[in-house]
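Below: the structure, in structure tokens.
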Number of protein chains: 2
Amino acid sequence: MQRAAALVRRGCSARAPGSWGRSRSSAAAEAPAVLKVRPERGRRERILTLESMNPQVKAVEYAVRGPIVLKAGEIELELQRGIKKPFTEVIRANIGDAQAMGQQPITFLRQVMALCTYPNLLDSPSFPEDAKKRARRILQACGGNSLGSYSASQGVNCIREDVAAYITRRDGGVPADPDNIFLTTGASDGISTILKILVSGGGKSRTGVMVSVPQYPLYSAVISELDAVQVHYYLDEENCWALSVNELRRAVREAKDHCDPKVLCIINPGNPTGQVQSRKCIEDVIHFAWEEKLFLLADEVYQDNVYSPDCRFHSFKKVLYEMGPEYSSSVELASFHSTSKGYMGECGYRGGYMEVINLHPEIKGQLVKLLSVRLCPPVSGQAAMDIVVNPPVPGEESFEQFSREKESVLGDLARKAKLTEDLFNQVPGIHCNPLQGSMYAFPRVFIPPKAVEAAQAHKMAPDMFYCMKLLEETGICVVPGSGFGQREGTYHFRMTILPPVEKLKTVLQKVKDFHMKFLEKYA
Amino acid sequence: MQRAAALVRRGCSARAPGSWGRSRSSAAAEAPAVLKVRPERGRRERILTLESMNPQVKAVEYAVRGPIVLKAGEIELELQRGIKKPFTEVIRANIGDAQAMGQQPITFLRQVMALCTYPNLLDSPSFPEDAKKRARRILQACGGNSLGSYSASQGVNCIREDVAAYITRRDGGVPADPDNIFLTTGASDGISTILKILVSGGGKSRTGVMVSVPQYPLYSAVISELDAVQVHYYLDEENCWALSVNELRRAVREAKDHCDPKVLCIINPGNPTGQVQSRKCIEDVIHFAWEEKLFLLADEVYQDNVYSPDCRFHSFKKVLYEMGPEYSSSVELASFHSTSKGYMGECGYRGGYMEVINLHPEIKGQLVKLLSVRLCPPVSGQAAMDIVVNPPVPGEESFEQFSREKESVLGDLARKAKLTEDLFNQVPGIHCNPLQGSMYAFPRVFIPPKAVEAAQAHKMAPDMFYCMKLLEETGICVVPGSGFGQREGTYHFRMTILPPVEKLKTVLQKVKDFHMKFLEKYA
């Protein structure tokens, strides 16, 4: 009755069922006159608009899936509709998504996952005993012996134990405590959760978070969302993207004028830059963090992706402990790993973990509380993480096949890293640092002044203009350097090295041809 | 060199390798004197403390996994260690975790998931054809035909299409657009994402979010985290926890003095209160939202959990469209569903979806951007969601078994709902409204004044004191009403009805016995 009266009051007439009137404009055309008298009410205004929305969310940018990727999607649809292009497919070299590029899952991992998913298979003779053993162990630790139960918010106990054992092995015996392991929904979730706890303050005491330039834009996005301050330190492109403590010092000194620098984020091996930090460099960074009282975030998701024979992965945790108790008992550190990278490339399962060192027990409690609001990370992703840290060992039935598959993926990646570096460096106007690790090339490209002008006319960053043209002319989707940050006046793009070898060769040749034509056109 | 010099400067001596010095106190005992001169430096202070952390995170509370659940964990460990208790196991009736309570997964769902996980099984004769068909369709829509690839941030296209088709069927033909469907990491993720976009302003223009009392504490937790304002409206316990528009009107009027009420959250069927809203009530609420310009959040994760023969689930979307284009073209609505509840109870996969109605296209773009920072929801959870919305149909091989399993779960739940209501209402000092839907009882308990005093002496809310005693004496873990909100001076607890029938009978009998003794003790 009340509603009916209100409708009459507003001059609404009955409608035939089915006339849903979903279009705003047609609805507006039918608007009764009385609505115009009450412009603050009624259908024409929305509550949630660009003006009224959370301004911090509005400020977020995320280039890896930004406008160029939306454009790539449009082009794919056009190709599907039969629209002719100078190419037949879009190659998505914008994101480290190995299996989408044809990499096959590690058989053992998927066998264990299938057994956990559908335990009837535990009776099947077509699954190896070591896979069954792993699956039984995981299921026994799950509520109701099922992946379908919530786990503890911090993650399944036995999986956290396996992660701790893995870290201990990796770090040559430096102990890891399962109580310091938090399983996460991919590494991104861990990074944003710990940053969320860390930021505070307003005005000049807003938390400053030091991030490299170039950086992986998850960091800038989360910092925007949390209304914290990005403090940039530049990696040294002339020196293989090395990190220098002098540059950290400059950055923190300048930042103290306008914020409270409290966190230092390091990505090693680098994304998008592919460098692998030396032990000496890590030691210097830890000393700097200790001196400046900075909380360290070590993004180590590419720890298995080291290709250069001169480089080795050193974990921040290990170096911290080797520096002695002065450091190892005081520097607060969170490090991150993931199922998405390495040799397994299981991005879709969203598995990951975070190890925290020297976290105050009360803060650990706060972390558990915060995580408990979202109940738990996906248990299937937790199970995938377990296989990553607890793979077949010599003597087990699946060891040989597992090793073969692992070496094949990593060997291919190493070849592709070298191939990419070599080919880019043969192109005039492109310079590419060695791809020591991770999964990306981040070459510097010369963009002629006339192209810069043309970009400005299109209100685009010059490297966005370059990448858009590359996409439109070749179907190759890469991400402009401006999405990661770069020194003023330099231009780059990030390209994954994930396509299969032969395809990657074609991609590189196409980029080369495009680049030469581009230089010519805008000479 | 630099570090070595610094160590000497700070008076550090060399340590034998292996003496990691992880204990703070022993490290302090060995601290060299020079450190005391520079108290602002060194190991004894942490960067991240309860004082320095994000105060909004500190303010978060989440009772469903709060102190009582930590206590339950401690008791379980004590039982494992052989410590004698008046009971042999902890019964976790604190959380809607069906499979942890012994509910079996729906066979068809797990078959499809196993096939997607390990596609070699597509050749196995032990899997039904309809499951294989579903699995092939999902895999074809995944990058590289693998659950291991990232999906689009909004979710896999064909799964969003299946969700839209499901909603259209559910709502008797009211159309749903796949473009309005966002797959999420459980419903919690969707709810917190949309709230994150909605909140803005400071001081008196801070966003007010209307939530029921009692409410599911995800809402209060996210509102704290976002520094928005909770605007409480009380459900009417005397009237089966009904929602009254007069109460909404009171709440919004009073809220306008100190914030900008912009969002109205409704949980239907209710959590923790178990009521199912009438169509009339939903219509009134929508009219109120329209009138007051409120963005509607409809938490409909219990849409399959309606037990009372007098009740039916009506979706907000359907009622909105039936109210005519004046409403259906203007009221902004987000509704949520999940794989975790219903008859499948797949909590661990963290699958869910959100449907948005009348969202401004620019805001949809903002939503996609925000979601893209976390890349995508777990693809395995998306696949689970697909089976929930696209189950076997008559004529398909698996239909009969699927229907039998589904009816068995829902039939049991209906019986347990009635059993729980009846038994609680036989106990003096306990009153329980009908459990029309969802998975919980939220009985009101009389707590004698002497017990209230005893609770105060322990610095506990009276119902926390009651629930702690219940846990310690019987091993039954339930959540105090104070974690959900309740009218001043009333006390409740939330208990799931998920234990198997015979076990639930025992649980109810134990609660009854405990309660009688409690009344006697504090008479």
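Side chains included, hydrogens not; waters and symmetry mates left out as well; all remaining heavy atoms used. The sequence lines fix the lettering, A, B, ..., with proteins before strands; numbering per chain opens at 1. None of these values were measured; they are calculated from a predicted model.
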Please identify each residue that fulfils salt bridge (Lys or Arg N to Asp or Glu O under 4.0 Å) with Lys196(B), with sequence neighbours left out. Glu225(A)

Set of residues satisfying salt bridge (Lys or Arg N to Asp or Glu O under 4.0 Å) with respect to Lys58(A), sequence neighbours excluded: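 Per chain and number, Lys58(A) pairs via salt bridge (Lys or Arg N to Asp or Glu O under 4.0 Å) with no residue.
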
Short side-chain to backbone donor-acceptor contact, [X] and [Y], under 3.5 Å:
X: Ser52(A); Y: Ile47(A); result: yes
X: Ser149(A); Y: Ala100(B); result: yes
X: Ser380(B); Y: Ser380(A); result: no

Examine the side chains of Ser151(A) and Gln382(A) and answer whether a donor and an acceptor come within less than 3.5 Å of each other. yes

Of all heavy-atom pairs between Ile194(B) and Ala334(B), which one has the smallest distance, and what is that distance? CG1-CB, 4.4 Å

Check each atom of [X] against the heavy atoms of chain A and say whether the ones under 4.5 Å are side chain, backbone, both or neither.
X: Arg350(B); value: side chain
X: Leu294(B); value: backbone
X: Ser340(B); value: side chain
X: Leu370(B); value: side chain
X: Ser126(B); value: neither

Would you give the length of the straight line joining atom CG of Leu359(A) to atom CD1 of Ile197(A), rounded to the nearest 0.5 angstrom? 7.5 Å

Let me confirm one number: the CD-CG distance from Glu346(B) to Leu147(A), rounded to the nearest 0.5 Å.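 One gets 8.5 Å once the value is rounded to the nearest 0.5 Å.
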
Winner by heavy-atom pair count (cut-off under 4.5 Å) against chain A, out of [options]:
options: Gln104(B), Arg110(B), Arg92(B), Gln103(B); value: Arg110(B)
options: Leu48(B), Val368(B), Val57(B), Val60(B); value: Leu48(B)
options: Gly345(B), Pro119(B), Gly186(B), Ser192(B); value: Ser192(B)

Output yes when Glu61(A) and Lys369(B) qualify as a salt bridge under the 4.0 Å nitrogen-oxygen rule, no when they do not. no

Closest-packed option against chain B by number of heavy-atom pairs under 4.5 Å, given [options]:
options: Ser188(A), Pro378(A), Gly143(A); answer: Pro378(A)
options: Gln111(A), Gln56(A), Glu332(A), Met113(A); answer: Glu332(A)
options: Ala98(A), Gly144(A), Gly73(A), Gly148(A); answer: Gly148(A)
options: Val199(A), Leu109(A), Val263(A), Thr207(A); answer: Val199(A)
options: Val379(A), Leu218(A), Val373(A); answer: Val373(A)

Atom group of Thr339(A) that falls short of 4.5 Å from chain B, counting heavy atoms: neither

Where does Cys116(A) contact chain B at under 4.5 Å (heavy atoms): side chain, backbone, both or neither?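 Contact with chain B involves the backbone of Cys116(A) alone.
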
